[in-house]
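First listed ligand is number 1; within each ligand, the first listed atom is number 1. None of these values were measured; they are calculated from a predicted model. Basis for what follows: all heavy atoms, side chains included, without hydrogens, waters or symmetry-related copies.
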Amino acid sequence: MKVVRAKTAGFCFGVKRAVDTVYEQVDSFDGPIFTYGPIIHNEEVVKDLEQKGVTVIRTEEELNSITEGTVIIRSHGVEKRICDMLEMKGIRVVDATCPFVKKIHNIVQQESAEGKLILIIGDPSHPEVQGIRGWAGENARVIQNADDIENTDFGKKNEICVVSQTTFNYNKFKDLVEIIKKKSYDVSVLNTICNATKERQTEAESIAKSVDAMIVIGDKHSSNTQKLFEICREACNNTYYIQTLDDLDLNQLGSVETVGITAGASTPNNIIEEVQNNVRIIF
Ligand code: F3S
């Protein structure tokens, strides 16, 4: 029996860094600790942190009512306005914005200061996109589809700078950029899509193709785990979606010789290891 665990299973670099930051703060800081939004979309991790005294702040009003302690900014980042507000209040801030997202903040801030129109390709309701927009000044628009481009006034001489949400689909990004280029001559395009998701999907697919059964681990609300499951099921009929070891019915796996394991971006390492160790013992 062979168990193959994907190297890219679980947290990406930015999420790992943010989660580690919260645990480090718990160990080293005495005052109250808050995260602005759940640090990660995983119930187990958020519950564990709550037990260690970390409070999740869900709204700007709640954030504004804080008078002491530390606020940790998660990997998605936040609008400049939020950083300014916390600074004015004198609240200690630990910024765990993923460096790849921070790089986009810096780009849009600089390019917009130079007078360019900033187009952010992404989902306008996603916190990462709202954060980026918040660093881009007044002259910025969010583009999610071709209709949004049609409805955008590009002005006559406007120079345009295009960036992307880090998790946006590359093919869709390319298509939208082509349409934008037809509408304006002066377009600089910065592909700011992060490879972590794509790499995880590519590796999962290639493992699923080569094993008898595949296990995908992730929170039931995690859309990237759902996508990972679909990709693996396409490649291997015998694919199972579980949240923790408790969901794994080993009888279901049947008599197989090789098992592959991967996990979504919000699945902690200890859950992946637990599953991996148990599959190894059983087989
Ligand atoms: Fe993760 Fe940062 Fe990429 S949070 S998906 S490494 S942009």
Side-chain angles (χ1 to χ4, degrees), residues 6-25 35-42 44-46 49 56 71-80 82-83 93-109 118-136 142-144 161-174 189-205 216-219 221-231 262-269 271-272:
K7 290 192 194 73
T8 52
F11 293 174
C12 62
F13 155 78
V15 168
K16 180 174 185 313
R17 184 173 167 272
V19 173
D20 288 350
T21 300
V22 185
Y23 281 101
E24 275 160 30
Q25 289 299 315
T35 62
Y36 186 35
I39 196 71
I40 182 174
H41 288 290
N42 184 284
E44 315 269 327
V45 175
V46 172
L49 285 169
V56 179
V71 172
I72 302 173
I73 307 292
R74 58 186 177 169
S75 57
H76 294 320
V78 290
E79 294 93 318
K80 181 172 186 303
I82 302 283
C83 298
V93 175
V94 175
D95 188 358
T97 304
C98 175
F100 299 136
V101 177
K102 195 66 223 163
K103 192 176 136 199
I104 308 176
H105 293 176
N106 295 337
I107 291 170
V108 296
Q109 191 177 27
I118 309 293
L119 298 184
I120 304 156
I121 297 190
D123 171 1
S125 66
H126 194 285
E128 180 197 314
V129 173
Q130 289 166 351
I132 296 169
R133 175 147 201 189
W135 289 86
V142 179
I143 302 285
Q144 194 173 17
C161 168
V162 182
V163 295
S164 173
Q165 181 180 351
T166 55
T167 49
F168 205 78
N169 177 288
Y170 177 64
N171 289 330
K172 272 197 207 160
F173 173 78
K174 261 195 333 199
V189 179
L190 294 145
N191 173 4
T192 49
I193 295 172
C194 170
N195 283 332
T197 312
K198 184 88 196 116
E199 280 166 10
R200 188 182 303 110
Q201 291 174 351
T202 309
E203 190 191 16
E205 186 180 21
V216 181
I217 317 164
D219 197 89
H221 302 299
S222 157
S223 60
N224 79 82
T225 313
Q226 181 68 47
K227 179 92 188 113
L228 211 50
F229 171 68
E230 284 162 18
I231 290 169
T262 189
S266 47
T267 310
N269 203 25
I271 297 184
I272 306 172

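For atom 3 (Fe) of ligand 1, the nearest non-hydrogen atom of the protein is Cys194 SG, 2.3 Å. The nearest protein atom to atom 2 (Fe) of ligand 1, hydrogens excluded, is given as Cys98 SG, 2.3 Å; this is a heavy-atom distance. Counting only heavy atoms of the protein, atom 6 (S) of ligand 1 lies nearest to Gly14 N, 3.5 Å.
Here is the list of ligand 1 atoms found below 4.0 Å of a heavy atom in Thr166: 7 (S). Close approach of ligand 1 to Phe100 is summarised as follows: ligand atoms under 4.0 Å from at least one heavy atom of the residue are 2 (Fe), 6 (S), 7 (S).
The number of heavy atoms from other shown groups lying within 6.0 Å of NZ (Lys103) does not exceed 12.
The backbone N or O of Thr8 lies less than 3.5 Å from no partner atom in the side chain of Glu199, so there is not a single donor-acceptor pair. Proximity of a side-chain donor or acceptor of Thr21 to a complementary backbone N or O of Arg17 within less than 3.5 Å is detected. At least one donor-acceptor pair closer than 3.5 Å links the side chain of Thr35 to the backbone N or O of Gly37.
Within the coordination shell of atom 1 (Fe) of ligand 1, defined by N, O or S atoms under 2.8 Å, Cys12 is present.
Put simply, the side chain of Gln25 reaches to within 4.5 Å of the side chain of Ile72, judged on heavy atoms.
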